[in-house]
S.K.: 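Pasting in a structure now, in structure tokens, and then I'll have a few things to ask.
Lettering of chains follows the sequences in order, A, B, ..., and the numbering in each one begins at 1. Please read these numbers as outputs of a predicted model, since none were measured by experiment. Any value given below was found using the heavy atoms of this structure, including those in side chains, with hydrogens, waters and symmetry copies removed.
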Amino acid sequence: MESNEKYNPQGIEPVWQREWQVDRTYYVKPDPDKPKFYTLVMFPYPSGDLHMGHMRNYTIGDLIARYRTMRGYNVMNPMGWDAFGLPAENAAIKEGIHPAVRTIDNIVGMKEQFYKMGIVYDWDREVASCMPDYYKWTQWIFLLMHRRGLAYRKKAAANWCPKDQTVLANEQVVNGRCERCGTEVIKKDLTQWFFRITNYADRLLDDLDTLDGWPERVKTMQRNWIGRSFGAEVDFPVTGHDETVRVYTTRPDTLYGATFLVLAPEHPLVSEITTPEQRAAVDDYVAASRRETEIERMSTDREKTGVPTGAYATNPVNGEQIPIWIADYVLVTYGTGAIMAVPGGDERDYDFALKYSLPIVTVVEPTEVVEPGTDPAVAPVYKHGSSVPCYSGPGVMVNSGRLNGMPTGESKVAMIALLEAEGHGKGTTNFRLRDWLISRQRYWGAPIPMVHCEQCGEVPVPVDQLPVILPTDVEFRPGGESPLAGVESFVNTTCPNCGGPARRETDTMDTFVDSSWYFLRYCDPHNDTGPFSRDLADYWMAVDQYTGGVEHAILHLLYSRFVVKVLADEGMVSVQEPFKRLFTQGMITKDGAKMSKSKGNVVPVDYMVEKYGADTGRLFVLFIGPPDEDAEWNDRGAEGMFRFLNRIWRLFEGKVTVGMEGADRDISDYSPSDRDLLRKVHLTIKKVTDDIDRFHFNTAVSALMELSNAMQSYRDAHGPQTAAFSAAATNLLLLMAPFAPHITAELWMRCGGDEYVHQQPWPQFNADLAASDVITVAIQINGKVRDRIELPADTSEEEAIQTALSTPRVQSMLDGKEIRSTRYVPGRLISIVL
RNA sequence: GCCGAAGUGGCGGAACGGCAGACGCGCCCGCCUCAAAAGCGGGUGGGGGUAGCCCCAUGUGGGUUCGAAUCCCACCUUCGGCACCA
């Protein structure tokens, strides 16, 4: 580059951004000559403005796409819009702008911001979940679920958000509050649509073990959420009734210690078995617990309460009559909604038994700890002066009839066998996971393609009548019912089955349904005969690298896995798992909080780009810290990064040329300082490559800084017009190209490089050039570094130790003492023990 | 309560059992300048010594090892997840 202009990102960046809009490098189709690489960043909700948190996210994705392309992969890097959802609808209610108008506006604006960050996508694959050509296939997937018996409607106590006026999935309730608006969620009995995700619970859990490229943290969260446990269902006949109470327990071995039963207040048998004397108390208790919020109900530290029903049941293994209570610490939604209480083995039951003076029987005695040092088993606890303890650890069965003397593990198996043989119960598996409630009483979503006919009941809309178009002329006022219910022309239809008058389903689908398959649509985005073709899905899937926020660890990532498994069962895709590798990046915070409009702590992308340029912003968000950790915004750091890019710019002033010509020169043609520079170049190639592969972008950037510092020193001494400097300049631009695409593209062009820098192959690490003739070795005496020596690189262990022992420092410390041992860690240090 | 992650200079952070603090920010000194900004050079964990150097130091206390920020045990703190799930 010959001119001496100043670095002016505002001048050069838009030029390259326009270039990338017409350049086809990142518009891809299947290519048999290259390995494919599908990289994906979670598609955004089109909220309007992007801030530095988004910039971090999309910069990482862009870096991966550009890097993998240079590595010779056929890279698919698509982008789209998770465009349905509540914020646009709430804004419509408030401001009177139609959600569709606002959403499209926001998409246009955000796309502009992607260009401004220098981020490249295959925009031919763009999808927006609110467009009929997309939600047609979301509805198609609903019909597939329905056909496979995985979509059903039932009346249930659903989570209802009073502010958003809609039901929520269990996954969208966080600590008893609406995940979106923070309002306390209440329970409402409503008829709702569900997806039978529980049918896939085992596979969703077991296949987590195949996801080696996922963070352990996310897998653990999903395991806990699915919550599989093994145990038994046991039937207790109710005395004087035909009914039996079925309980679920993970500890069938303790059945002899069951001294009472507890039903959830909502349990269907409560009313039937309650005795006349207890009727009033039971009714009061049931009514009181219904009034409680989930937050009150679920609090673990409040005192347990309950009332007896007056009824008794028979313990099937010992014939004992035990009382049946109701208590709100038992949840109707888990297991069978009823438990056998074993106060001698369960602390909750123990507390309850002590409070209401119910009998406590010890059925497990801890095995004596043999070695004093071994980890002691959970110790028995004694509360409130009780002479009988509660013990839940392993041990030996007592007071348990035929099980006496057995260790707990064995007795569990034995008891299940006994129950099954005598017809009192069976071994079962239980899950915490509930079915996915997918219907919403809101407007801005994909209509559920079902029709209610008085003659035929629930009738699916035939595939050839899709999409069921979301009407635009709608009154948005929320009233606990979908706004679609007020649109006569939408609601009134004919039954596809009998042709008679029928009403359309007016609920829309949870937006998580939209986002649970979009990565498949990217593979074949213009297909109008199906959601995607099997060939293209098989070519591109699975996603090789998925990047997004950890807030989706359960919701989106679990639902997507479920949908892919259903599609695999239908024979539509070959993969069992959609995302091979997952990276969850941290938030960028300001004033200690996530950037959000409501908190007023947003640093917009536009501010960054206008003040310093996109490259500065990109490098800054990569350098700010480990990308999987949260990082606090600070303006100074951005200035430092801008200074770095200015230094890079000046490094290329004068007659610097780039190109690959010097790459095959003989090592002996170079002077020692040339060789030092080339050594640094190749060490940097290795470091940057390794760091990108393991997502250590912050240290990759620092390696680039080190190289540029070394180049500046070299340039000060030898000038820029040597073959070594040219080689260094070439490699620096190539290595930096995925990080700072504009400045590297510009310098590459100005310095006479071939084509575009991003079309060049990634630099090759050359171990010979990286090798050093001399190595510096530290000498440790008794574990402390006391000296350093330089040795030829090929020194043997013996020679190295001899040289170390002969140095004056070591000699003075030896001082006639005996050498106990020596060892040599090649290239690192020599350890001497006196 | 259970599960998981993390605690390193003034700050963000490096260091995948081998020279703690790379790289950057900030600060200090100097050069350039009439001056400033920008830029450039040097310094920068704590303590001691004229100096060669020495001692201390990665949340706390133990342990394993020739050698520990890194591995193990216990504890403290912070953050995240789950939470009356039988």
S.K.: Can you check B:rG9 for me, syn or anti if syn means within 90° of 0?
M.R.: syn
S.K.: Does A:Tyr329 put a side-chain nitrogen or oxygen below 4.0 Å from OP1 or OP2 of B:rA86?
M.R.: no
S.K.: In terms of side-chain heavy atoms of A:Glu706, which of B:rA22, B:rG18, B:rC54 is nearest?
M.R.: B:rA22
S.K.: Output one line per pair: protein atom, nucleotide atom from nucleotides 62-69 of chain B, and distance, for all N/O pairs under 3.5 Å.
M.R.:
unit_1: B:rC66; atom_1: O2; unit_2: A:Ser831; atom_2: OG; d: 2.7
unit_1: B:rC66; atom_1: N3; unit_2: A:Arg823; atom_2: NE; d: 3.4
unit_1: B:rC66; atom_1: N4; unit_2: A:Arg823; atom_2: NH1; d: 3.2

S.K.: What's the shortest heavy-atom distance between A:Arg561 and A:Leu208, and which atoms?
M.R.: NH1-CD2, 3.3 Å
S.K.: Let's see if you can work this out: which of B:rC82, B:rA86, B:rG13 has an atom nearest to the side-chain heavy atoms of A:Pro626?
M.R.: B:rG13
S.K.: Going by atom types alone, do A:Asp253 and A:Thr408 pair a side-chain donor with an acceptor below 3.5 Å?
M.R.: no
S.K.: What is the nucleic acid contact for A:Arg647, judged by heavy atoms within less than 4.0 Å: base, sugar-phosphate only, or nothing?
M.R.: sugar-phosphate
S.K.: For RNA chain B, what are the stems built from at least three Watson-Crick or G-U pairs in a row, each pair having both distances below 3.5 Å?
M.R.: B:1-7 with B:76-82, B:10-12 with B:23-25, B:26-31 with B:39-44, B:45-48 with B:53-56, B:59-63 with B:71-75
S.K.: Which one, B:rC82, B:rC23, B:rG18, comes nearest to the side chain of A:Trp225?
M.R.: B:rC82
S.K.: What contact category does A:Val777 fall into here, base, sugar-phosphate, or nothing, at under 4.0 angstrom with non-hydrogen atoms?
M.R.: nothing
S.K.: Base, sugar-phosphate or nothing for A:Asp349? Non-hydrogen atoms, less than 4.0 Å.
M.R.: nothing
S.K.: If I take atom CE in residue A:Met587 and atom P in nucleotide B:rG80, what distance separates them, rounded to the nearest angstrom?
M.R.: 9 Å
S.K.: In terms of side-chain heavy atoms of A:Arg694, which of B:rA15, B:rC23, B:rG39 is nearest?
M.R.: B:rA15
S.K.: If I pick the C1' atom on B:rC73 and the same atom on B:rG12, what distance separates them, to the nearest angstrom?
M.R.: 32 Å
S.K.: Please find out if less than 6.0 Å separates the ring center of A:Phe695 from that of A:Phe697.
M.R.: yes
S.K.: Without decimals, in angstroms, what is the distance between A:Phe620 CZ and B:rC25 C1'?
M.R.: 10 Å
S.K.: Which sits closer to the 5' end of RNA chain B, A:Lys687 or A:Val174, going by the nucleotide each is nearest to?
M.R.: A:Lys687
S.K.: Under 3.5 Å, which donor-acceptor pairs link side chains of residues 823-834 of chain A to any protein atom two or more places apart or in another chain?
M.R.:
none

S.K.: So, for A:Glu5 and A:Glu653, which heavy atoms are closest and what is the spacing to 0.1 Å?
M.R.: O-OE2, 4.1 Å
S.K.: Determine the interatomic distance between C1' on B:rA51 and the same-named atom on B:rA6; round to the nearest Å.
M.R.: 43 Å
S.K.: Rounded to whole Å, how long is the line connecting atom CD1 of A:Ile624 with atom P of B:rG13?
M.R.: 9 Å
S.K.: Are any of A:Arg217's side-chain N or O atoms less than 4.0 Å away from OP1 or OP2 of B:rG4?
M.R.: no
S.K.: Just checking A:Gly227: base, sugar-phosphate only, or nothing, at a heavy-atom cut-off of under 4.0 Å?
M.R.: nothing
S.K.: How many Å lie between CZ on A:Phe697 and P on B:rG24, as a whole number?
M.R.: 20 Å
S.K.: The side chain of A:Ser702 is closest to which nucleotide in this list: B:rG18, B:rG26, B:rC23?
M.R.: B:rC23
S.K.: Counting side-chain heavy atoms from C-beta on, which of B:rG12, B:rG39, B:rG18 comes nearest to A:Arg828?
M.R.: B:rG18
S.K.: Mind checking the P distance from B:rA57 to B:rU70? Whole angstroms is fine.
M.R.: 13 Å
S.K.: May I ask you to say what A:Arg809 touches in the nucleic acid, namely base, sugar-phosphate or nothing, with a heavy-atom cut-off under 4.0 Å?
M.R.: sugar-phosphate
S.K.: Nearest of B:rC19, B:rA15, B:rC23 to any side-chain atom of A:His696?
M.R.: B:rA15
S.K.: Take atom P in B:rA15 and the same atom in B:rC23, then report the distance between them in whole Å.
M.R.: 13 Å
S.K.: Could you check whether A:Val785 gets within reach of a base, just the sugar-phosphate, or nothing at all, counting any heavy atom under 4.0 Å?
M.R.: sugar-phosphate
S.K.: Just to confirm, is there a sub-4.0 Å distance from OP1 or OP2 of B:rG24 to any side-chain nitrogen or oxygen of A:Asn709?
M.R.: yes
S.K.: Touch check for A:Arg432, heavy atoms < 4.0 angstrom, all strands: base, sugar-phosphate only, or nothing?
M.R.: base
S.K.: Measuring only the P atom in each nucleotide, how far is B:rG59 from B:rA20? A whole number of Å is fine.
M.R.: 16 Å
S.K.: Does A:Lys304 pair with A:Asp349 as a salt bridge, N-O distance under 4.0 Å?
M.R.: no
S.K.: Starting at CG of A:Asp635 and ending at C1' of B:rG26, how long is that distance when rounded to a whole Å?
M.R.: 14 Å
S.K.: For B:rC56, does either OP1 or OP2 sit under 4.0 Å from a side-chain N or O belonging to A:Lys784?
M.R.: yes
S.K.: Rounded to the nearest angstrom, tell me the gap between atom CD in A:Glu629 and atom C1' in B:rA5.
M.R.: 9 Å
S.K.: Report yes or no: do A:Tyr334 and A:Ser229 form a side-chain donor-acceptor pair below 3.5 Å?
M.R.: yes
S.K.: Could you check whether A:Asp628 pairs with A:Arg217 (Lys NZ or Arg NE/NH1/NH2 to Asp/Glu carboxylate O, under 4.0 Å)?
M.R.: no
S.K.: On the nucleotide B:rG12, are OP1 or OP2 found under 4.0 Å from the side-chain N or O atoms that A:Asn698 carries?
M.R.: no
S.K.: Hey, does the side chain of A:Ser229 come within less than 4.0 Å of B:rA86's phosphate (OP1/OP2), counting only N and O?
M.R.: yes
S.K.: Could you check how far OH of A:Tyr334 sits from P of B:rC84, rounded to whole Å?
M.R.: 12 Å
S.K.: Within this structure, what is the CZ-OG1 distance for the pair A:Arg694 and A:Thr699, rounded to the nearest 0.5 Å?
M.R.: 5.5 Å
S.K.: I'd like to know whether CZ of A:Arg290 has more than 12 heavy-atom contacts from other residues, nucleotides or ligands below 6.0 angstrom.
M.R.: no
S.K.: Hey, which of these two, A:Met641 or A:Thr249, hits RNA chain B nearer its 5' end, going by closest nucleotide?
M.R.: A:Met641
S.K.: Measuring only the P atom in each nucleotide, how far is B:rC75 from B:rG1? A whole number of Å is fine.
M.R.: 12 Å
S.K.: Pick base, sugar-phosphate or nothing for A:Arg434, based on heavy-atom distances below 4.0 Å to the nucleic acid.
M.R.: nothing
S.K.: Could you give the distance separating B:rG7 and B:rA14 at their C1' atoms, to the nearest angstrom?
M.R.: 16 Å
S.K.: Is there a donor in the side chain of A:Trp436 and an acceptor in the side chain of A:Glu171, or the other way round, less than 3.5 Å apart?
M.R.: no
S.K.: Rounded to the nearest Å, what distance is computed from the CD atom of residue A:Glu790 to the C1' atom of nucleotide B:rC19?
M.R.: 14 Å
S.K.: If the P atom of B:rA74 is compared with that of B:rC79, how far apart are they to the nearest Å?
M.R.: 23 Å
S.K.: Report yes or no: does A:Thr59 contribute a side-chain atom to a donor-acceptor pair with the main-chain N or O of A:Arg618 at less than 3.5 Å?
M.R.: no
S.K.: How about A:Lys686: does its NZ atom have over 12 heavy atoms from other parts shown lying under 6.0 Å from it?
M.R.: no
